[in-house]
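One structure below.
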Amino acid sequence: MCPHRAQRQSGYISGEILRNVYLSEEYMVISTRLSIDAWEKWFANPRRADLEGRIDALLGSPTSYTIYEYY
């Protein structure tokens, strides 16, 4: 989903995109949600999965996810 659609998703708080200084082809996206349930609902969205599949095909590698919580 494009950024403005992400902002309209239930449970979305904020997001940012970071690029590796030494490996300019590597990016990290940080998406903050209200809860793990909100993230799982977003992750299960078929439109998100379709877009991810198309991006992964272009990049030649799968997207990886790691979930963190505030400590």
Side-chain angles (χ1 to χ4, degrees):
M1 291 185 191
C2 55
H4 68 279
R5 283 193 180 163
Q7 293 169 357
R8 293 191 310 247
Q9 294 293 309
S10 176
Y12 177 85
I13 296 174
S14 66
E16 56 188 310
I17 301 171
L18 306 173
R19 185 173 72 175
N20 186 323
V21 173
Y22 301 106
L23 298 170
S24 62
E25 68 278 358
E26 183 179 291
Y27 290 84
M28 177 172 46
V29 177
I30 299 172
S31 176
T32 305
R33 306 281 168 164
L34 285 173
S35 65
I36 187 66
D37 291 335
W39 187 88
E40 289 173 344
K41 183 177 178 183
W42 166 82
F43 190 75
N45 184 313
R47 292 176 71 190
R48 183 217 54 82
D50 177 62
L51 180 58
E52 179 182 306
R54 290 187 279 153
I55 291 170
D56 289 353
L58 289 171
L59 296 177
S61 63
T63 301
S64 63
Y65 294 90
T66 304
I67 301 172
Y68 293 87
E69 63 183 356
Y70 287 101
Y71 179 72

**Asked** How would you list, by chain and number, every residue that makes a ring pair (Phe, Tyr, Trp, His ring centres under 6.0 Å) with Tyr27, sequence neighbours excluded?
**Response** none
**Asked** Of all residues at least two apart in sequence or in a different chain, which pass the salt bridge (charged side-chain N to carboxylate O under 4.0 Å, His left out) check with Glu52?
**Response** Arg48
**Request:** Kindly compute the distance separating CD1 (Ile67) from CD1 (Ile36), expressed to the nearest 0.5 Å.
**Result:** 4.0 Å
**Asked** Arg54: what forms a salt bridge (charged side-chain N to carboxylate O under 4.0 Å, His left out) with it, not counting sequence neighbours?
**Response** Asp50
**Residues in ring pair (Phe, Tyr, Trp, His ring centres under 6.0 Å) contact with Tyr22, at least two apart in sequence or another chain** = none
**Request:** Mind checking side chain to side chain donor-acceptor pair (under 3.5 Å) for Thr66 and listing every partner two or more places apart, or none if nothing turns up?
**Result:** none
**Asked** With sequence neighbours excluded, what pairs up with Glu26 under the side chain to side chain donor-acceptor pair (under 3.5 Å) test?
**Response** Asn20
**Message:** More than 12 heavy atoms of other residues, nucleotides or ligands under 6.0 Å from OH of Tyr68: yes or no?
**Reply:** no
**Request:** With sequence neighbours excluded, tell me which residues meet side chain to side chain contact (heavy atoms under 4.5 Å, CB included) with Ser35.
**Result:** Asp37, Ala38
**Request:** Determine the interplanar angle of the Trp42 and Trp39 rings, folded into 0 to 90°, and report it as parallel if under 30°, tilted if 30 to 60°, perpendicular if over 60°.
**Result:** tilted
**Message:** Quick check for you: to the nearest 0.5 Å, what is the distance between Ser31 atom OG and Ile17 atom CD1?
**Reply:** 10.5 Å
**Prompt:** Residues sharing Leu23's hydrophobic cluster, by side-chain heavy-atom contacts under 4.5 Å among ILVMFWY, directly or via others?
**Reply:** none
**Message:** Just to verify, what does Leu34 make a side chain to side chain contact (heavy atoms under 4.5 Å, CB included) with, not counting sequence neighbours?
**Reply:** Ile13
**Asked** Which hydrophobic side chains are connected to Met28, either touching it within the sub-4.5 Å cutoff or through other members that do?
**Response** Leu18, Ile30
